[in-house]
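Just below is one structure, and these are the notes that go with it.
Below, chains carry the letters A, B, ... as their sequence lines are ordered, and counting in each starts from 1. Only heavy atoms go into these numbers, but all of them, side chains included; no hydrogens, no water, no symmetry mates.
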There are 2 protein chains.
Amino acid sequence: MLDALGDPTRRAVFERLRKGPLPVGEIAKGLPVSRPAVSQHLRVLKGAGLVRDRQDGNRRLYSVDPNGLETLRAYMDRFRDEALVSFKKAAEREGGEG
Amino acid sequence: MLDALGDPTRRAVFERLRKGPLPVGEIAKGLPVSRPAVSQHLRVLKGAGLVRDRQDGNRRLYSVDPNGLETLRAYMDRFRDEALVSFKKAAEREGGEG
DNA sequence: ACTTACCGTAAGTCATGGCTAACCGAGGGC
DNA sequence: GCCCTCGGTTAGCCATGACTTACGGTAAGT
């Protein structure tokens, strides 16, 4: 999941889909890599559950997968909550003895 | 930022700090890599603003940086919001013409 | 049917970066 | 002062994976 977002180019691909579905060629346009490279990134993103694809005549439209987005958010929130709790505990401990 | 969380081992290091501050040796214990490897991961995490460190006598205590956590959350939320908005738009378009 | 546009896949190259081993400095206990 | 623990840094090795080139397959247009 986060593995997939580790690569900057792949993150750029992902972020390009933020505004809505795009065909592969359109995604590749403006990126400093070839179209096959984009295809490979899309495969990884799809494997991670972050994007979906749908056939549209000649082209293939990729879009952000809302499920993946929620999973990501859930992971982040959980982590954040636990970290903040232990932070608060540490602060209390500090206050109690300081 | 997300680059730093791309590596599984580094993510494991990061997640170990979720419960509170830990010295390097303690983090390395239980991980399948050597202590220097952990040190290197911590350097990257620190560079990304995800962890902080504080000297504690002989040891060095690492902990999650709440600022980094907020930055991460802000990035995620913004992305998510934009994606969901364009999703809703697409659904309306679909509904309008279907 | 021929051509053109779109795209996924395979093979091969090459740089990135994660890991270990070895070294060094700093702090604390005796 | 000596020793031991803790941990950051470096050098060097090596696997991972990102990228390009070349190819094949499908859909639309004429």
Sugar-phosphate only, base, or nothing, as touched by Pro23(A) at under 4.0 Å among non-hydrogen atoms
sugar-phosphate

Quickly work out the Leu5(B) CG to dG18(C) P distance and round it to whole Å.
12 Å

Checking dG7(D), dT20(C), dT20(D) against the side chain of Ala37(B) (C-beta onward), the nearest is dT20(C)

Rounding to a whole Å, what distance do you find between Leu42(A):CG and dC19(D):C1'?
15 Å

For dG17(D), does either OP1 or OP2 sit under 4.0 Å from a side-chain N or O belonging to His41(A)?
no

From CZ of Arg10(A) across to P of dT16(C) the rounded distance in Å is 17 Å

Pairwise 5' ranking along DNA chain D for Asn58(A) and Pro32(A), keeping only the more 5' one:
Pro32(A)

Quiz question: going by heavy-atom distance under 3.5 Å, is there a donor-acceptor pair between the base of dT20(D) and the side chain of Gln40(A)?
yes

Whole angstroms only, please: what is the CD-C1' distance between Gln55(A) and dA5(C)?
13 Å

Around atom CZ of Arg52(B), are there more than 12 heavy atoms of other residues, nucleotides or ligands at under 6.0 Å?
no

For Asp56(A) and dA28(D), give me the distance from atom CG to atom P, rounded to whole Å.
9 Å

Under 4.0 Å between a side-chain N or O of Arg43(A) and OP1 or OP2 of dG8(C)?
no

Between Tyr75(B) and Val51(A), is there shared hydrophobic-cluster membership here, with clusters defined by ILVMFWY side-chain heavy atoms closer than 4.5 Å?
yes

Tell me which one of Val13(A), Val44(A), Asp65(A), Leu45(A) satisfies side chain to side chain contact (heavy atoms under 4.5 Å, CB included) with Leu50(A).
Leu45(A)

Would you say Tyr62(A) reaches dC6(C)'s phosphate, i.e. side-chain N/O to OP1/OP2 under 4.0 Å?
no

Under 4.0 Å between a side-chain N or O of Ser34(B) and OP1 or OP2 of dT20(C)?
yes

Which nucleotide, dT9(D), dT20(D), dC6(C), lies nearest any side-chain atom of Pro36(B)?
dT9(D)

What is the distance, rounded to the nearest whole Å, between atom CG of Leu61(A) and atom P of dC6(C)?
12 Å

Using a cut-off of less than 4.0 Å, is there contact between a side-chain N or O of Arg60(B) and OP1 or OP2 of dG8(D)?
yes

Would you mind reading off the distance between Arg54(A) atom CZ and dC7(C) atom P, rounded to a whole angstrom?
13 Å

Rounded to whole Å, NZ of Lys29(A) lies from C1' of dC7(C) at a distance of 14 Å

Looking at Thr9(A), I'd like to know whether one of its side-chain N or O atoms comes within less than 4.0 Å of OP1 or OP2 on dC19(D).
yes

What about Leu31(A) and Leu61(A), same hydrophobic cluster or not, with Ile/Leu/Val/Met/Phe/Trp/Tyr joined at side-chain heavy-atom distances under 4.5 Å?
no

Flag the pair Leu2(B) / Leu72(B) as yes when at least one side-chain heavy-atom distance between them is below 4.5 Å, and no otherwise.
yes

For Arg35(A) and for Asp7(A), locate the closest nucleotide of DNA chain D by heavy-atom distance; then report the residue assigned to the nucleotide nearer the 5' terminus.
Asp7(A)

